[in-house]
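Shown next, in C-alpha cells, is the structure this report addresses.
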Amino acid sequence: PEDCFFYDLSYSIEPSVFLQPALQLKRRGADGLGMLLYQGALAFELFNKVPAPVDAMRQALYQALGRPTNGDTAWRSGRLAASQRKVNAR
C-alpha cells in the first residue's frame, strides 16, 4: 500500500537492501539511525542528569557515517538515487 512506512533497524551510509525497493516505489522509509541517536540521548541524560546535546550528537553520528548532516533520518527517493549514483561511481 502507498501509505506504508518501511523501517529497518540497520543503518549505514546507503539504504539497506530491504529499504531500496520501497524507496524506488516512492514509499516512505527510515533506518535505525534515529533510534540509535535517541537511545544514546536517553542514556546520556540518565547518566549525566542533564539534557543531551542531541544536535551535536546527530552531527557527530552523521559525520561518522559520511551522511549529509541535514538532520533527516528518513530516506527519501531522491536521496536513494543520489546514493546509488555514488555507489555506481566507485
Side-chain angles (χ1 to χ4, degrees):
E2 290 184 19
D3 61 345
C4 284
F5 185 85
F6 293 83
Y7 190 80
D8 192 345
L9 290 176
S10 67
Y11 52 89
S12 67
I13 191 169
E14 307 297 335
S16 68
V17 173
F18 171 76
L19 287 175
Q20 287 178 10
L23 298 174
Q24 288 169 347
L25 293 172
K26 302 199 185 314
R27 303 301 190 264
R28 296 175 308 130
D31 63 15
L33 194 59
M35 181 183 290
L36 175 66
L37 172 64
Y38 286 102
Q39 285 175 335
L42 179 59
F44 182 96
E45 291 176 1
L46 291 171
F47 185 79
N48 294 299
K49 308 288 189 231
V50 296
V54 176
D55 290 335
M57 293 170 70
R58 179 183 295 109
Q59 294 291 327
L61 184 57
Y62 276 49
Q63 186 176 30
L65 287 175
R67 280 200 186 174
T69 56
N70 63 2
D72 185 7
T73 59
W75 286 104
R76 305 282 185 251
S77 57
R79 285 177 56 195
L80 174 65
S83 66
Q84 285 176 335
R85 283 193 297 275
K86 282 195 290 187
V87 169
N88 293 339
R90 291 182 196 162

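Every heavy atom of this structure was used, including side-chain atoms; hydrogens, water molecules and symmetry mates were not.
- Taking Leu36 as the reference, Tyr11, Leu33, Leu61 meet the side chain to side chain contact (heavy atoms under 4.5 Å, CB included) condition, with sequence neighbours excluded.
- The list of salt bridge (Lys or Arg N to Asp or Glu O under 4.0 Å) pairs with a residue in residues 40-57, not counting sequence neighbours, reads Asp55-Arg58.
- Both Leu65 and Met57 are part of a single hydrophobic cluster, where members link through side-chain heavy atoms under 4.5 Å apart.
- Residues Leu42 and Met35 are members of separate hydrophobic clusters, defined by side-chain heavy-atom contacts under 4.5 angstrom among Ile, Leu, Val, Met, Phe, Trp and Tyr.
- The minimum heavy-atom distance linking Phe44 with Pro53 is given by the pair CE2-CD, 3.6 Å.
- For the pair Gln59/Gln63, no side-chain contact is recorded, criterion being any heavy-atom separation below 4.5 Å from C-beta on.
- To the nearest 0.5 Å, the span separating CG on Leu19 from CZ on Arg28 amounts to 12.5 Å.
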Discussion item. Pair Val54, Tyr38 - check side-chain contact (heavy atoms from CB on, under 4.5 Å), show working.
Written reply: CA-CA 8 Å; Val54 176; Tyr38 286 102; 3.8 Å; yes
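- Residues Arg27 and Leu25 approach most closely at NH1-O, 2.6 Å, considering heavy atoms.
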For residues 1-10, please give each side-chain donor-acceptor pair under 3.5 Å, one per line with the distance, not counting sequence neighbours.
from : atom 1 : to    : atom 2 : distance (Å)
Asp8 : OD1    : Ser10 : N      : 3.2
Asp8 : OD1    : Ser10 : OG     : 3.2
Asp8 : OD2    : Ser10 : OG     : 3.3
Asp8 : OD2    : Ser16 : OG     : 2.6

